[in-house]
Amino acid sequence: MVEAVAYSFELNPEMLDLLNKEFDVKKLAVRFGEAIKGKTSEEIETIGREFFTDYGTEWIRRTLQLGEEYPDRTYEMIKMSIDKTGGYYRFALLPQRFIEIAYLATQEFPSLPIVENNSHALVYKLVDCALYKSLKEVCGENVAAQLPCRHSCLTALKVLHQDLEIDAITGMDAEMPKDGFCQFFARSV
Amino acid sequence: MCWMCEAYGEEGKRWYLNPKNHSRQLYTIKRGRKESAYGTDPETLAGLEQRKVTAAKWEDPENFPQLLKEYNEKPREGGCQVLPLREAIQVAEMAYPIASMMCICRKMMRADEETNPDEYTCTGLGVGMFKWERWPERYRGGVNIMSAEDAKEWLTKMDKKGFVHMIMTFGGSYVGGLCNCDYPDCAQIRTRLDYGLEPALMKGHHFAKVDYDLCNGCGICVQRCQFGAIKFEVTTDRTNIDAFRCFGCGLCETACPRQAITLVERETVPALKEEW
Amino acid sequence: MKKYPRIIIDYAKCPTPFDCKKCLVACPQAIFEVFPVKVEKFKETDKKEPGTYQLSTFYLDKCTACGDCVEVCPTGALSIDY
C-alpha cells in the first residue's frame, strides 16, 4: 500500500524568484535601449545579435544549474522514466523541463504553450511575451519589429540541447511581428 | 464526419493521430490557488454525469428517454472512440509518456485488483502519469512507464487476450487514456450498448467485412466480438458481421487465421458515413 | 412500465465490500459496483478498513432477481424486493 507522502510536483517558487530577479526582462529592455541609442537599424541588428545571444546563454545556463539544485517530484519521475526506458524519454522531456522553468520564471503566463512534445520533437510558442512587450515600450515599435530578442530564445534552445548532449536541430518557424506569436522547435536527429 | 476529428483533427489526420493532442506542458504555476486534499479527477466527474442518465433507466424510467435524448444532443467536449490495434500502435509513437496501469472499470465492476505490471490492463497517456502519486487510490500499484517499443508490444499482447482498444480525452482535446476493454466490465462499452449514451463511446473509423471466399466458418472471430456484431451463419457456414453493430475494433481481423476479414473505412460507405 | 427488482443492502453488514467482493464476482449480470467513499490525496484507501468502500447496485435494470448474490453473501447483508 502507498503511504501518504505529500510530494511537491510543482516548480520550487524560491528557484523561480531567484531566476526572475537575475533575468528581469524589463531591466534587460532598458539595458538594450541604452546599447542601441542613436544606432541605425543595421547596427541594431548586429548589436542585438550579440546582446541577446549572451543573455540567452547566461539565462539558460543559470536555469540548468538552478533546475538541478531545486528538483521536484515531477523531475524525479522523469529521471526515473528515462532510466527505466533506456533513455527513451530523455528527448524531449529533459529539455522541456528546463525550457519551461526558463520561461515561467521570467514571463507572466502560468504555463508554456507546448505545441508538440514527443521523442521526435519539442515545439512551443510564445503568444504573450513580456520581453517583446518591454522592448516595444522601451525601444519603440520599430526596434521590436526587428525582433532582436529572438536571438535570446534561439540561443537558449540551442545551448540547452548542447549542454544536455542531445543532438537536435533547433530553430523558429513563426515570428511575433508577422504571425502574432513566436514558435520555436527542436527536432531530434 | 467524426465529431472528434472535426473538433480536434488536423490536416486530414484523425484526432488521436494528431501529435498536438498528445502534447502538454509539465508545469503550471498556481498563483494563490489552493488544491483540496480530497477530490475527484476529471475522469470521475465525466463518469458521474453519465451515471445520472444510466441510473434513471431503473430509478426514474418515465424520464429516462428524455434524459437520454438530452445527453446525446448536448454539445460535446472531448470523447472516447474505438480504434484498431494498428492505430493504437501508431499512438504509442506520439503518446508522451505512455504507461500501463490498473483498470478502474474492472475494479468497480468486479472488484478486480490489478496490483502490478503483469496484471495491468489499462494504458494511461500524458504528463499526468508522472504525477500519479497525488492520487494513489486512482492508480493502485502505481503506473508502469514504457518506451514506445515496449508499449507496442504491450498493446499487441492486450489485443491477443481479446481486449477492445479505445482512446479518450477527459474533457477537451488532450488524450489521456488508451483502454483495453470488454463487456460488461468496461463502463463505456456498457453505457453505449445497454443504455444508448452515444458520446460515452463512439464507433471507430472502420467496420469489419468478411470475404466469403476466404472464410471457412471456423468461428474464431465470433468469440472475439464484444459488441454482438458477429454471428455464425449456419445457412452459409460462414461468419456474418453486421456493419451497423460493428464498432471497428478489428479484434476479429487480428484473430482470423485465413485473413478473411478486412477493416473498411466507415466513411467510404454511404449509409455508414454518419454512424458513429 | 417495466418493473425492476430492488436489492436492499444492509450497509452495517457490508463494511468492506472491496475486500469481500463475493457478490461482485458472482453476479451473472454484473449489476454491482464498488467504489471508495472518500478519495484522499497522496493516500491509497485501505480496503480492509470498515466504511472506506461502498457497494451499489448500479446496473439494476439488468438484475434478474435470481438470488445468487443473496446466497453468496457471507453476512446476510443483501435481500431482494420484487
Could you look at [X] and say if it's the side chain, the backbone, both or neither that has a heavy atom under 4.5 Å from chain B?
X: T52(C); result: neither
X: F58(C); result: both
X: K3(C); result: neither

Selection from E62(B), R190(B), K57(B), M109(B) maximising heavy-atom pairs under 4.5 Å formed with chain C: R190(B)

Donor on one side chain, acceptor on other, [X] and [Y], under 3.5 Å:
X: D19(C); Y: Y53(C); result: no
X: E49(C); Y: T16(C); result: no
X: D194(B); Y: Y183(B); result: yes

Expected output: side-chain K62(C) to main-chain I31(C) donor-acceptor under 3.5 Å: no

P184(B), part contacting chain C, at a heavy-atom distance under 4.5 Å: side chain

Side chain, backbone, both or neither of D185(B) within contact of chain C (heavy atoms, under 4.5 Å): neither

Selection from C27(C), C63(C), P17(C) maximising heavy-atom pairs under 4.5 Å formed with chain B: C27(C)

R134(B) to F42(C) six-membered ring, cation-pi geometry met (6.0 Å, 45°): no

Sole residue of Q81(B), E275(B), E198(B) in side chain to side chain donor-acceptor pair (under 3.5 Å) with K203(B): E275(B)

